[in-house]
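Reviewing the structure listed below.
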Number of protein chains: 2
Amino acid sequence: MAKPNLYKGSIHTILLKLLGDEGRMYGYEITQKVKEISNGDLLITEGALYPALHKLEADGLLQVEVEKVDGRLRKYYKLTEDGAKESVQKLSELEAYLETMQNLLQPKLI
Amino acid sequence: MAKPNLYKGSIHTILLKLLGDEGRMYGYEITQKVKEISNGDLLITEGALYPALHKLEADGLLQVEVEKVDGRLRKYYKLTEDGAKESVQKLSELEAYLETMQNLLQPKLI
DNA sequence: AAACATACCTAAGTTTTTTAGGTATTAATT
DNA sequence: AATTAATACCTAAAAAACTTAGGTATGTTT
């Protein structure tokens with residue numbers, strides 16, 4: 001792993017969370033939003049993003065609405081009901097993971 | 001991803017951190033320690049652990065001492081000087097990642 | 001006119017893991 | 001006494017999840 005943009009396994013969770021917060025977003029918007037939130041630390045590559053969105057859609061967790069804005073195509077994604085449930089699930093897993101990591105990082109108490 | 005035991009990409013960091021804290025540990029001990037710290041949430045599989053230890057050793061970040069205890073072989077690992085430096089580096093990366101994730105999880109402030 | 005930003009996409013390759021084995025010794029259980 | 005569980009190491013094949021490196025097309029800026 002030369003310069004990973006994000007720890008693997010978290011992209012689906014990030015997408016579900018963002019779409020839950022924002023209501024609906026399109027792919028390019030997501031890349032910019034994540035870059036902004038992370039102050040440039042987390043760069044979601046398009047090669048990871050689009051397959052992830054397609055997978056979540058195929059799994060029935062996302063719903064897509066295509067729109068043309070300023071002559072360009074946009075694919076807006078939003079959570080389905082199942083997506084909202086899965087989001088809760090994934091977020092609690094991520095929180096457990098983050099807590100574990102914090103426990104690992106904490107200076108050892110002897 | 002059926003039931004991943006840990007978010008990918010963090011195992012090297014975990015190993016460096018644990019060895020920095022504990023001084024020296026052997027493989028099996030690490031699996032038990034991580035299970036304990038995470039209350040059973042994080043299970044480092046041996047198929048991930050041993051190759052990771054060997055990689056870190058090959059990269060000069062770990063040093064190994066073989067001992068026989070109660071008739072069984074143990075391979076104690078500890079950080080080299082380079083390993084200690086790399087540990088600092090990896091930990092700051094992990095902390096930045098955790099902070100970003102926390103930012104993502106925080107309820108949106110409008 | 002060229003470069004950059006917006007907006008989508010995919011395929012090949014790489015990395016990192018899971019799965020599923022294997023060997024061997026000691027401790028606990030039946 | 002024999003089987004199972006725990007301790008302790010290991011590896012190879014497969015799967016998963018990325019990065020890299022392309023591709024197309026439109027609008028904006030230099």
Side-chain angles (χ1 to χ4, degrees), chain A residues 1-16 24-36 38 40-59 61-62 64-77 90 93-94 97, chain B residues 1-16 24-36 38 40-59 61-62 64-77 90 93-94 97:
Chain A
M1 198 167 42
K3 273 265 173 182
N5 288 320
L6 42 92
Y7 280 80
K8 306 189 176 188
S10 51
I11 190 170
H12 284 198
T13 308
I14 291 172
L15 296 179
L16 293 170
R24 63 174 215 163
M25 299 181 84
Y26 56 99
Y28 185 79
E29 186 184 12
I30 292 173
T31 66
Q32 303 308 304
K33 185 75 180 176
V34 169
K35 197 196 287 184
E36 176 200 324
S38 67
D41 272 3
L42 229 60
L43 302 173
I44 293 196
T45 59
E46 300 188 344
L49 173 68
Y50 290 112
L53 286 172
H54 300 161
K55 173 76 163 62
L56 291 173
E57 190 195 352
D59 289 348
L61 306 179
L62 300 185
V64 66
E65 289 160 8
V66 181
E67 278 179 37
K68 199 159 194 173
V69 181
D70 294 330
R72 286 198 208 84
L73 206 70
R74 285 184 187 171
K75 291 194 171 178
Y76 280 97
Y77 289 91
K90 287 274 192 194
E93 281 172 21
L94 178 56
Y97 166 75
Chain B
M1 196 166 44
K3 272 265 173 182
N5 287 322
L6 41 93
Y7 279 79
K8 306 191 175 186
S10 51
I11 190 169
H12 284 197
T13 309
I14 291 172
L15 296 179
L16 294 170
R24 62 174 214 163
M25 300 181 85
Y26 56 100
Y28 186 78
E29 186 184 12
I30 292 174
T31 66
Q32 302 307 305
K33 185 75 179 175
V34 169
K35 198 196 287 185
E36 177 201 322
S38 67
D41 272 3
L42 229 61
L43 301 174
I44 294 198
T45 58
E46 300 188 342
L49 172 68
Y50 290 112
L53 287 172
H54 300 161
K55 173 75 162 64
L56 291 173
E57 190 196 352
D59 289 349
L61 305 180
L62 300 185
V64 66
E65 289 159 7
V66 181
E67 277 179 38
K68 198 158 193 173
V69 181
D70 295 329
R72 287 199 207 84
L73 205 70
R74 284 184 188 172
K75 290 195 172 179
Y76 281 97
Y77 290 90
K90 286 273 193 193
E93 281 172 20
L94 178 56
Y97 167 75

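Atoms considered below: every heavy atom in the structure, side chains included; atoms not considered: hydrogens, waters and symmetry mates. Lettering of chains follows the sequences in order, A, B, ..., and the numbering in each one begins at 1.
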Please report the distance, rounded to the nearest Å, between [atom1] in [X] and [atom2] in [N].
{"X": "A/Ile44", "N": "C/dT6", "atom1": "CD1", "atom2": "P", "answer": "16 Å"}
{"X": "A/Leu43", "N": "D/dC18", "atom1": "CG", "atom2": "P", "answer": "14 Å"}
{"X": "B/Lys55", "N": "C/dT15", "atom1": "NZ", "atom2": "P", "answer": "9 Å"}
{"X": "A/Leu42", "N": "D/dC18", "atom1": "CG", "atom2": "P", "answer": "11 Å"}
{"X": "A/Lys68", "N": "D/dA25", "atom1": "NZ", "atom2": "P", "answer": "12 Å"}
{"X": "A/Glu67", "N": "C/dA7", "atom1": "CD", "atom2": "P", "answer": "12 Å"}
{"X": "A/Glu36", "N": "C/dA5", "atom1": "CD", "atom2": "C1'", "answer": "17 Å"}
{"X": "A/Leu56", "N": "D/dA17", "atom1": "CG", "atom2": "P", "answer": "11 Å"}

Which pair of heavy atoms, one from [X] and one from [Y], lies closest together, and at what distance?
{"X": "A/Val34", "Y": "A/Ser38", "answer": "O-OG, 2.8 Å"}
{"X": "B/Leu53", "Y": "B/Gly27", "answer": "CD1-CA, 4.2 Å"}
{"X": "B/Glu46", "Y": "B/Pro51", "answer": "O-CD, 3.7 Å"}

Produce the list of close N/O pairs, under 3.5 Å, pairing protein atoms with atoms of nucleotides 8-10 of chain D; give distances to one decimal.
unit_1 : atom_1 : unit_2  : atom_2 : d
D/dA8  : OP1    : B/Arg74 : NE     : 3.0
D/dA8  : OP1    : B/Arg74 : NH2    : 2.8
D/dA8  : OP2    : B/Tyr26 : OH     : 2.7
D/dA8  : O3'    : B/Leu73 : O      : 3.3
D/dC9  : OP1    : B/Lys75 : N      : 3.0
D/dC9  : OP2    : B/Gly27 : N      : 3.4
D/dC9  : OP2    : B/Tyr28 : N      : 2.5
D/dC9  : OP2    : B/Tyr50 : OH     : 3.0
D/dC9  : O5'    : B/Tyr50 : OH     : 3.4
D/dC9  : N4     : B/Glu46 : OE1    : 2.7
D/dC10 : OP1    : B/His54 : NE2    : 3.3
D/dC10 : OP1    : B/Lys75 : NZ     : 2.7
D/dC10 : OP2    : B/His54 : NE2    : 3.4
D/dC10 : N4     : B/Glu46 : OE1    : 2.9

According to salt bridge (Lys or Arg N to Asp or Glu O under 4.0 Å), who are the partners of B/Arg72, at least two apart in sequence or on a separate chain? none
Strictly by modelled atom types, are A/Ser10 and B/Tyr97 linked by a side-chain donor-acceptor pair under 3.5 Å?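 Yes, side-chain donor-acceptor contact under 3.5 Å.
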Full working for side-chain contact (heavy atoms from CB on, under 4.5 Å) between B/Leu62 and B/Leu15: CA-CA 10 Å; B/Leu62 300 185; B/Leu15 296 179; 5.7 Å; no
Report yes if some heavy atom in the side chain of B/Tyr26 is under 4.5 Å from a heavy atom in the side chain of B/Glu67; otherwise report no.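 A side-chain contact is absent here, since even the closest heavy-atom pair is not under 4.5 Å.
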I want to verify a distance call: between D/dT11, C/dT6, D/dT20, whose nearest atom is closest to the A/Thr45 side chain? D/dT20
A/Arg74 vs A/Glu29, side-chain contact (heavy atoms from CB on, under 4.5 Å): CA-CA, chis, key distance, verdict: CA-CA 10 Å; A/Arg74 285 184 187 171; A/Glu29 186 184 12; over 6 Å; no
Just verifying a value: how many Å separate A/Ile44 CD1 and A/Lys33 NZ, rounded to the nearest 0.5 Å? 13.0 Å
Could you tell me, to 10°, how much the axis swings from one end of the helix from C/dA1-D/dT30 to C/dT30-D/dA1 to the other, five pairs per end?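 Taking five pairs per end, the axes differ by 20°.
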